[in-house]
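Here is how names work: the chains are called A, B, and so on, in the same order as the sequence lines, proteins then strands, and each is numbered from 1.
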Amino acid sequence: MAAADSPSTALRRRDLCSRGIRLAGKMRADVVDLLDTYVEQQGLDASASVAAVEGVPLAAVERWDEQTGTQRLLENLAAYRAFRALLAQMLEEQREQLGEADAGLGRALAAVLLQVSAFAYHLEELLRLESRGIPGEEGDGPPPPPRLSLFEQKLRGLGVLRELAQWAVRSARDLRQLAKPSPATGTAPGLAESP
Amino acid sequence: DSPIQYERVGADVTMKCGSMDWDAAVTWTVNGTDIDESHLNGSYLILKNVDLSQSGQYSCYEGSSWHLKYQTQLRVGTPPKEPVLMCRSNNYPKGFYCSWHLPTPTYIPNTFNISVIHGTKDMVCEKDAIPKNRCHIRYLQLFSTVKYKVTLTVTNPLGKNYTTATFDEFAIVKPDPPESVVAKPVPNNPRRLEVSWQNPSSWPDPESFPLKFFLRYRPLILDQWQHVELSDGTSHTITDAYAGKEYIIQVAAKDTDIGTWSDWSVAVHATPWTEEPKHLTTEAQITETTSASTSSFMAPPTTKICDKGAVVGSGAVAVCWTAGLVVAAYSVLFI
């Protein structure tokens with residue numbers, strides 16, 4: 001059972017949501033630019049279909065409009081934590097592959113990684129506001145994936161960035177849902193749990 | 001009902017008179033009119049290089065008895081060319097629709113069949129009653145990177161053809177144009193026009209899926225448009241209009257994050273407020289007006305104090321500046 005929002009909580013939530021929406025918008029624009037650079041520099045075909053890669057959180061969701069606020073926050077947080085690890089790995093692979101030859105791509109990757117981390121933190125703030133326990137991150141993370149060939153690494157990178165671009169759009173929508181005041185109780189819709 | 005026979009434009013058609021022998025004496029008619037014997041080869045009717053005008057009911061009668069021996073409906077047409085298919089979501093995130101047409105008519109009945117696949121999943125596109133060449137799909141998933149593949153097959157008695165369209169969820173999002181666009185002059189501001197509009201009614205949830213807008217305007221006498229992009233809100237004040245010039249104004253909409261711009265809205269016209277000339281027409285007209293409205297600052301719309309061309313705006317705001325002064329002066333006297 002959730003208590004009705006205090007005015008300051010509601011205000012803080014709206015503030016966090018609107019900042020989060022702006023963060024998500026900027027992140028998406030940067031990921032889309034990064035995708036163009038990545039495709040070009042990795043010599044990939046932009047229209048290549050990439051099968052769902054293990055460990056990459058899919059943005060696709062059924063019954064999105066029925067999700068509760070808590071579900072939205074938790075799913076977003078899990079996704080961006082996963083992206084944080086995946087981008088860090090991509091950065092590592094990038095450095096191994098090309099060293100200094102492709103500093104621009106490396107810098108762009110690092111910038112997006114920073115935004116992903118910032119967004120994850122932002123989501124934690126929102127969860128704290130709802131007095132939700134923040135799920136701990138798994139100890140050392142998932143076991144290291146099998147070593148992929150260079151080409152497989154590139155394709156996986158493409159998959160990661162594409163899903164991240166989708167997530168950035170979804171996150172903005174999720175936060176707008178969260179920011180909507182619920183008419184009856186004054187709490188954001190879906191954040192009040194039924195007893 | 002006689003059977004229907006479909007033939008291609010330009011084909012040579014031979015019709016047999018039922019079971020009659022080749023050398024039987026027969027008469028052929030088309031839509032009740034006798035056909036000249038020059039088209040006959042024995043009892044066979046020969047139509048060379050048929051065209052559309054030769055569609056009709058063909059009947060064959062035995063010579064002497066005038067018994068009807070054979071009848072057919074000839075329909076001349078063409079096999080279908082590759083159809084034109086368009087899919088669009090104007091009600092995101094509810095779903096999308098696909099509509100289609102043939103680039104050239106076939107002149108005979110066509111059947112359309114549409115299939116939609118999302119990844120490996122078959123989806124059902126529900127046909128609309130009106131218009132007939134349209135179907136709609138509800139999104140089962142949102143934010144998917146998996147593309148949709150739509151295949152449209154068109155079949156008629158003379159052949160078939162098909163086309164496919166492949167797209168992702170975001171790419172086909174295109175709202176309908178904004179509605180109820182209104183442009184009004186701003187009193188006492190000769191360079192301003194106030195424009196307002198509404199979200200398209202087909203857009204289901206503008207709060208969660210806000211639209212941004214693009215306004216364009218120009219004076220009728222110029223070809224060059226001015227553009228303004230607005231990230232939110234459904235109104236805007238133009239502040240650089242040329243005084244006294246009639247403007248044409250349109251608005252377009254787009255989802256803030258995805259998809260493409262809508263078509264332009266219906267155009268509205270407006271002219272900025274202009275100051276009235278200081279002279280008045282006759283004393284008699286002033287008296288007539290002021291006795292009718294002693295406590296109001298507004299002259300009734302039918303007032304003749306101003307020349308028609310000197311009155312700007314519409315409805316209650318339509319007022320001659322100097323007439324208003326005169327009325328105000330008289331009102332003060334009566335208080």
Side-chain angles (χ1 to χ4, degrees), chain A residues 14 17-18 21-29 31-32 35 46-53 56-67 69 72 75-76 79 155 158-183 188-190, chain B residues 89 91-96 116-124 137-151 164-175 199 202-213 229-234 253-260:
Chain A
R14 237 183 36 228
C17 283
S18 38
I21 290 165
R22 280 198 298 277
L23 264 172
K26 170 85 171 73
M27 190 163 48
R28 188 202 176 203
V31 172
V32 167
L35 254 169
S47 59
S49 275
V50 181
V53 182
V56 178
L58 294 180
V61 57
E62 295 188 8
R63 300 201 168 94
W64 173 84
D65 51 332
E66 294 172 20
Q67 287 200 325
R72 294 180 196 280
E75 283 188 25
N76 271 266
L155 276 189
L158 185 61
V160 168
L161 293 176
R162 276 187 186 155
E163 278 308 321
L164 180 55
Q166 298 293 102
W167 265 105
V169 176
R170 177 177 162 182
S171 301
R173 314 288 196 191
D174 280 324
L175 291 178
R176 282 196 194 102
Q177 289 291 95
L178 231 62
K180 269 182 179 172
S182 165
Chain B
S89 174
N91 62 343
Y92 190 78
K94 278 204 177 141
F96 65 91
V116 182
I117 303 174
H118 184 216
T120 53
K121 197 171 177 180
D122 273 316
M123 300 180 75
V124 174
I137 283 200
R138 296 195 75 92
Y139 278 125
L140 297 175
Q141 266 190 352
L142 288 181
F143 312 111
S144 172
T145 47
V146 174
K147 288 190 193 282
Y148 291 82
K149 183 172 170 181
V150 181
T151 305
T164 55
T166 307
F167 51 83
D168 63 56
E169 180 188 316
F170 291 174
I172 60 165
V173 176
K174 177 179 170 178
N199 289 315
S202 51
W203 197 253
D205 190 1
E207 225 184 299
S208 308
F209 295 84
L211 295 170
K212 61 182 179 185
F213 301 96
E229 186 169 330
L230 303 152
S231 56
D232 57 15
T234 53
K254 181 185 169 303
D255 178 272
T256 38
D257 298 323
I258 63 178
T260 58

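- Under the side-chain hydrogen bond (donor to acceptor under 3.5 Å, both in side chains) criterion, B/Asp255 pairs with A/Arg173, sequence neighbours left out.
- Only the side chain of B/Phe170 comes within less than 4.5 Å of a heavy atom of chain A; its backbone N, CA, C and O stay farther away.
- Within the 4.5 angstrom heavy-atom criterion, only side-chain atoms of A/Arg28, from C-beta onward, approach chain B.
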Check step by step if salt bridge (charged side-chain N to carboxylate O under 4.0 Å, His left out) holds for B/Asp168 and A/Arg162. CA-CA 12 Å; B/Asp168 63 56; A/Arg162 276 187 186 155; over 6 Å; no
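- Here the CD atom belonging to A/Gln177 is positioned 6.5 Å from the CZ atom belonging to B/Phe209, to the nearest 0.5 angstrom.
- Nearest heavy-atom pair across B/Ser208 and A/Lys180 is OG-NZ, 2.8 Å.
- B/Gln141 and A/Ala60 make their closest contact through OE1-CB, 3.7 Å (heavy atoms, listed as atom of the first residue, atom of the second, distance).
- For the pair B/Thr256 and A/Arg176, the tightest heavy-atom approach, listed with the atom from each and the gap, is OG1-NH2, 3.7 Å.
- For the set B/Asp205, B/Ile258, B/Leu142, B/Leu140, the count of heavy-atom pairs under 4.5 angstrom toward chain A peaks at B/Leu142.
- Of the listed residues (A/Ala29, A/Ala59, A/Ala168, A/Gly25), the one with the most heavy-atom contacts under 4.5 Å to chain B is A/Ala59.
- Shown here is B/Lys212, whose NZ atom has more than 12 heavy atoms of other residues, nucleotides or ligands within 6.0 Å.
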